[in-house]
Amino acid sequence: MRRIYMDHSATTCVDPSVLQKMLPFFSEKYGNPNSVHAWGREVRTAIDEARASVARLLNAEPREILFTGGGSEADNLAIKGVAESLSGKGRHVITSAIEHHAVLDTVKWLGKAGFDVTVLPVDSEGRVRVEDFRAAIRPDTILATVMYANNEVGTVQPIRELGEICREKGILFHTDAVQAAGHLPLDVRDLPVDLLTMAAHKMYGPKGVGALYVRKGVRIAPLVHGGGQEFGLRSGTENTAGIVGFGAAAELAARRIANGEIDKERRLRDRLIDGVLSRIEDVLLTGHRTERLPFHASFCIRYIEGEAMLLRLDFAGIGASSGSACTSGSLEPSYVLLAMGLDHATAHGSLRLTLGKDTTEEDIDTILETLPPIVGNLRAMSPFKKNA
Amino acid sequence: MSMYNEKVIQAFMSPKNVGAMENPDGVGEVGNPRCGDVMKIYLRVRDDRIEDIRFETFGCAAAIATSSTATEMVKGRTIEEALKLTNRDVAEALGGLPPEKIHCSLLAEEGIRAAIEDYRRRRQGLPPLPPRHDAVCHHEIPETGEETRE
């Protein structure tokens with residue numbers, strides 16, 4: 001049976017070229033980059049090169065890139081770091097209802113620590129309304145954080161418009177670009193963002209390494225104190241193999257964007273979306289039809305439950321994900337889908353299929369042949385289908 | 001996602017007694033679509049014995065597996081015997097369920113009881129039992145003694 005991994009929003013495989021660059025840093029290139037001797041200098045050079053590669057992906061300067069232990073840590077550093085640094089200026093923070101937990105829970109934590117928090121609603125396609133955003137800004141607002149693109153529904157936010165409002169009002173703007181970085185062209189010299197989060201493992205790099213872009217001149221406080229690595233903002237001996245892997249993954253991503261591979265991915269995504277919508281009745285696309293991640297397709301399939309669908313797909317060799325309560329391990333289905341106004345029963349039937357760089361047209365066609373009978377079979381068991 | 005054992009997977013992949021029933025003698029519908037599981041049980045009763053039983057379930061793999069197994073366990077049994085079926089019996093027959101899925105086996109027990117209650121009401125000439133979509137989900141992880149993960 002051919003197995004088709006369609007969960008690239010969860011994580012990607014490390015590209016073989018990335019792995020090759022990482023391997024020496026587990027063995028012969030073991031020096032501490034903070035050491036003065038040759039062993040250390042060799043590794044320091046490699047980290048500098050990786051930083052330059054990640055910076056190039058964003059058109060940033062190397063000095064503006066901090067390596068962290070992943071996307072969640074970078075989100076925490078951005079939000080808590082700004083809050084700590086600017087608490088004397090104001091204590092109000094703005095975010096959206098569909099942020100990743102790494103942002104939402106961090107902002108809620110600030111709420112308990114005496115900050116005022118505004119959580120903006122989203123429209124039925126998962127977008128923050130620009131006018132809501134503008135209206136939420138107060139004289140004591142210090143930071144707004146809105147994700148570049150959503151992991152569950154793929155919707156890309158109007159980041160430029162939101163950032164321009166922040167510039168105009170003189171507040172800092174952070175965006176969690178974990179899903180978008182490496183998949184959409186990002187240029188921080190052009191885009192009005194002050195802080196931006198990335199994770200290597202979403203772009204064919206290793207897990208456990210992320211980065212925070214911090215615009216030159218923006219001051220944040222560190223979370224981790226110690227030896228003063230990463231410009232004093234993230235102490236601890238560097239994850240050298242991980243950072244080198246991130247650098248290689250960033251180069252790969254830049255090449256893929258430049259070669260138009262993203263457009264190929266987008267065409268396959270549209271083939272999948274159109275195919276699912278035309279072959280299965282009572283299905284809705286979740287998220288925005290066009291303003292969405294090029295590799296992201298997500299649906300709610302009515303009258304059936306997501307976990308059952310995932311298991312049936314898994315046994316057919318297809319790896320997918322869902323925001324149903326049974327897959328999240330909580331009482332509630334996806335808070336993202338609920339924030340978009342979907343009812344609980346519909347949200348329980350969510351299905352996410354996220355393409356990767358190696359996904360082929362044949363894979364998409366296999367999915368389009370496999371999914372409808374699974375849905376049909378589960379619906380035949382459902383007490384709801386006749387009431388449709 | 002939960003880790004299911006082979007028996008649960010088998011029951012989920014090839015469930016028995018699936019589908020609606022024409023002119024049933026009793027129908028029970030329990031669960032809550034908000035929580036992501038609803039179970040509907042149809043009974044055909046002859047001489048106080050469950051001659052046939054069918055289910056329709058909206059829910060996760062555990063809900064479908066327990067529906068199938070519970071219906072198999074009471075098919076051919078008397079009403080009194082069927083009423084003795086507990087969620088623990090169903091979970092045990094499946095070789096154990098992950099703790100967060102125990103509520104699914106509870107739903108199977110309740111579904112069969114509701115269908116029997118409906119059957120008895122009909123025999124007394126009372127109107128059919130309305131669907132019981134609980135306002136509260138019982139998606140609680142049992143506190144003690146219900147740990148059935150293998």
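Here is the naming used below: chain letters follow the sequence lines, and residue numbers restart at 1 for every chain. Keep in mind that this is a model prediction, so the values were computed, not measured.
Atom CZ of B/Arg77 is surrounded by 12 or fewer heavy atoms from other residues, nucleotides or ligands within 6.0 Å. Environment of CZ in A/Arg289: crowded, with over 12 heavy atoms of neighbouring residues, nucleotides or ligands closer than 6.0 Å. The number of heavy atoms from other shown groups lying within 6.0 Å of CD (A/Glu281) does not exceed 12. Atom CZ of B/Arg123 has 12 or fewer heavy atoms from other residues, nucleotides or ligands within 6.0 Å.
Taking each heavy atom of B/Gly59 and A/Ala308 in turn, the nearest pair found is O-CB, 3.6 Å. Considering every non-hydrogen atom in both B/Glu56 and A/Ala380, the closest pair reads OE2-O, 4.4 Å. Nearest heavy atom pair, residue B/Ala62 against residue A/Glu307, reads N-OE1, 4.3 Å.
Interface remark: B/Val18 contributes side-chain atoms only to the contact with chain A (heavy atom separation under 4.5 Å).
In this structure, B/Phe58 and A/His348 have perpendicular ring planes: the angle between them is above 60°, well past the 30° mark.
With rounding to the nearest 0.5 Å, the separation of SG in B/Cys35 from NE2 in A/His344 is 8.0 Å.
Side-chain atoms of A/Arg312 do not come within 3.5 Å of backbone N or O of B/Ala61 as any donor-acceptor pair.
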